[in-house]
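Here is the structure we will look at.
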Amino acid sequence: MNIKEAADKLGITPRTIRFYEKKGLLSPAKQQNNLYRSFSEQDLWRLQTIVALREAHLSLSDIKQALEKLERNGVEELRYYLEMQRSALMSEWLQLKQAVETTDRMIELVQRERTLPLEHLFGLANASKQLREQRAGWKDRWDFNRLAPTHDERVAANEGDYADYEDALERVVRLIRPQQNERGLDIGTGTGNLAGKFLTASCHMSAVDQSREMLRLCREKHPEIETRLGNFLALPFLREQFDFVVTSFAFHHLTGNQQQLALEEMDRVLKPGGRIAIADLMASAEEGDRPTSSYPEARTLSHWFENRNYFVQLCRLNERLHILYADKKEHPYAGS
DNA sequence: CTTCTCACA
DNA sequence: TGTGAGTA
């Protein structure tokens, strides 16, 4: 099959196909006499895959890698690339959303003032820029992919940061009081220990983690859980999807500013009337131990939720370990 | 109809 | 990440 026929079949131009070939995504045989390209069924299948993945906005170099791995290791690898892409798109989408909000505020500002409020405008721009950089600023300084194979042993040891681990997970479940067929999300799920506990209550669980290896183990243990690559700062879900959102032993990996963003994200994906539980190492304000600790401060987190019309309940399991439970009101502006 | 290259956004 | 023009 010649190039034009192939191009027509796929709804692209011959020019584009040659371009993909130059980029190394494709190498159709050439006829001996005239050097015309000749497309086999294999080539066509490959082109179809490329076109499909382009539609998901994968870059050509990503597609190239995905195709190579797809041939060697099968479909599982492709799934990884698609999940990566989903996570990246979600993150871009959040940034666009933020840009829209900033623009709205600029419009409002310009409309209100008679002279051009340059300083104020610039302030808005800067705030937006900082927010963007914080979102992009997540780094896995611990290499959780490497930690994944031994993670469950470590939490079972029940010491250090993971003291009272099981107890904390059980209490999160009791606080949330999962009902049949509810949708739940576990963020920073690791190997799915917390998310797994909700399966017995017949909930549909989704689990997010930034570590591919952790998620692989999670799927082995609990095939029913829907796993997604992603992190706190750009949850790969649309708004108001979940009846409850939980997280355990993960939140403290964020910096203070990132924690604010993470709370907004949890709030975004939670349905009205939904519940949130955060089990993690926190600083207790009463003790005044904040200066020595980089942990989130329990009271600050509580206030964040209270200011947004949540009913909040805080309990403390040991020196550091707390569980913050927050209940989102059904109608946030009722009565006003 | 096809090839390739150079330039352009 | 593609496209358009010009060539053979």
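The sequence lines fix the lettering, A, B, ..., with proteins before strands; numbering per chain opens at 1. The basis for the numbers below is simple: all heavy atoms, side chains too, and nothing from hydrogens, waters or symmetry mates.
For the pair A:Ile17 CD1 and C:dG2 P, the interatomic distance rounds to 12 Å; values are reported in whole Å. Following rounding to the nearest Å, A:His57 (NE2) and C:dT1 (P) show an atom-to-atom distance of 12 Å. Taking atom NZ of residue A:Lys22 and atom C1' of nucleotide B:dT5, one finds them 8 Å apart after rounding to whole Å. One atom, OH of A:Tyr36, and another, P of B:dC4, lie 11 Å apart when rounded to the nearest Å. Atom P of nucleotide C:dT7 and atom CZ of A:Arg18 are separated by 17 Å, given to the nearest angstrom. In this entry the distance linking CD of A:Glu21 with P of C:dT1 reads 17 Å, nearest Å. With rounding to whole Å, A:Leu35 atom CG is found 16 Å from C:dT7 atom C1'. The separation between A:Leu58 atom CG and C:dT1 atom P is 10 Å, rounded to whole Å.
Base-pair partner of B:dT3: not found among the strands shown (Watson-Crick or G-U wobble, both distances under 3.5 Å). Base pairing of C:dT7 is not made with any nucleotide, judged by Watson-Crick or G-U wobble geometry with both donor-acceptor distances under 3.5 Å.
Residue A:Thr13 places no side-chain N or O under 4.0 Å from the OP1 or OP2 atom of C:dG2. Residue A:Arg37 has no polar side-chain atom (N or O) positioned under 4.0 Å from OP1 or OP2 of B:dC1. Residue A:Thr16 has no polar side-chain atom (N or O) positioned under 4.0 Å from OP1 or OP2 of C:dT1. Between A:Arg54 and C:dG2, a side-chain N or O to OP1/OP2 separation shorter than 4.0 Å is present. Distances shown here put every side-chain N or O of A:Tyr20 at or beyond 4.0 Å from the OP1 or OP2 atom of C:dT1. A close approach under 4.0 Å does occur between a side-chain nitrogen or oxygen of A:Lys30 and OP1 or OP2 of B:dC4.
A donor-acceptor pair shorter than 3.5 Å can be found between the side chains of A:Lys221 and A:Thr191. Side chains of A:Thr189 and A:Asp209: a donor-acceptor N/O pair is absent below 3.5 angstrom, by distance only.
Nearest-nucleotide positions on DNA chain B place A:Lys4 closer to the 5' end than the other of A:Arg15 and A:Lys4.
The residue A:Asn34 sits apart from the nucleic acid: no heavy atom pair falls under 4.0 Å.
A perpendicular orientation is assigned to the rings of A:His252 and A:Tyr295, their planes being inclined by more than 60° (bins at 30° and 60°).
Judged purely by atom type and a 3.5 angstrom limit, A:Asp327 has no side-chain atom pairing as donor or acceptor with the backbone of A:Tyr310.
Annotation: cation-pi geometry not satisfied between A:Arg275 and A:Tyr325 (NZ/CZ under 6.0 angstrom from ring centroid, within 45° of ring axis).
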